[in-house]
*Asks:* 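One structure, as structure tokens, below. Some questions next.
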Amino acid sequence: MLRDFRHGVNVREVIHLKRTAIEQHKTQVTEYRPNVNWVSLTDVADGEWMDCLFQDIELFHRYRV
């Protein structure tokens with residue numbers, strides 16, 4: 001699948017803005033209510049999924065119209 005994502009953009013200078021924006025969605029990144037069934041994005045793949053969001057390079061698939 002990754003071979004289809006051949007276009008990267010360096011987002012290092014704006015990663016703090018991305019982190020701030022995601023943190024605004026409290027119910028998605030923290031346990032909003034005490035509930036053993038509540039799953040947040042930080043729980044996906046033991047936090048590795050969130051780590052992928054904050055890489056210096058974002059990969060994109062080029063779509064041609």
Side-chain angles (χ1 to χ4, degrees):
M1 181 177 95
L2 285 178
R3 70 176 173 259
D4 293 332
F5 291 81
R6 296 184 180 161
H7 304 280
V9 175
N10 187 326
V11 294
R12 181 180 299 158
E13 292 181 17
V14 295
I15 203 80
H16 65 284
L17 296 173
K18 186 175 182 179
R19 188 176 301 276
T20 299
I22 289 174
E23 288 172 355
Q24 298 305 306
H25 300 275
K26 300 290 185 200
T27 60
Q28 300 298 311
V29 295
T30 60
E31 185 178 309
Y32 190 66
R33 293 183 180 151
N35 182 334
V36 294
N37 295 319
W38 191 280
V39 178
S40 71
L41 295 176
T42 56
D43 296 322
V44 177
D46 293 322
E48 288 182 22
W49 191 81
M50 284 290 284
D51 292 341
C52 289
L53 289 178
F54 301 112
Q55 300 296 313
D56 290 341
I57 303 291
E58 286 193 19
L59 299 176
F60 295 91
H61 173 75
R62 177 175 276 177
Y63 179 78
R64 296 186 189 269
V65 180

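Here the structure is a predicted model, which is why all the values come from computation and not from measurement. Numbers for residues simply follow the sequence, beginning at 1.
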*Asks:* List in chain and number order the residues that pass salt bridge (Lys or Arg N to Asp or Glu O under 4.0 Å) with D56, two or more places apart in sequence or in another chain; answer none if no residue qualifies.
*Replies:* R12

*Asks:* Does I57 have any side-chain contact (heavy atoms from CB on, under 4.5 Å) partners at least two apart in sequence or in another chain, and if so, which?
*Replies:* N10, L59

*Asks:* Among residues at least two apart in sequence or on other chains, which ones pass side chain to side chain donor-acceptor pair (under 3.5 Å) with S40?
*Replies:* T42, D43

*Asks:* Run the ring pair (Phe, Tyr, Trp, His ring centres under 6.0 Å) test against H61 and tell me which residues pass, sequence neighbours left out.
*Replies:* F5

*Asks:* Could you note down all residue pairs passing side-chain hydrogen bond (donor to acceptor under 3.5 Å, both in side chains) where residues 15-25 supplies at least one of them, sequence neighbours left out?
*Replies:* K18-E58

*Asks:* Please report the shortest heavy-atom distance between I15 and L53, naming the atom on each side.
*Replies:* CD1-O, 4.1 Å

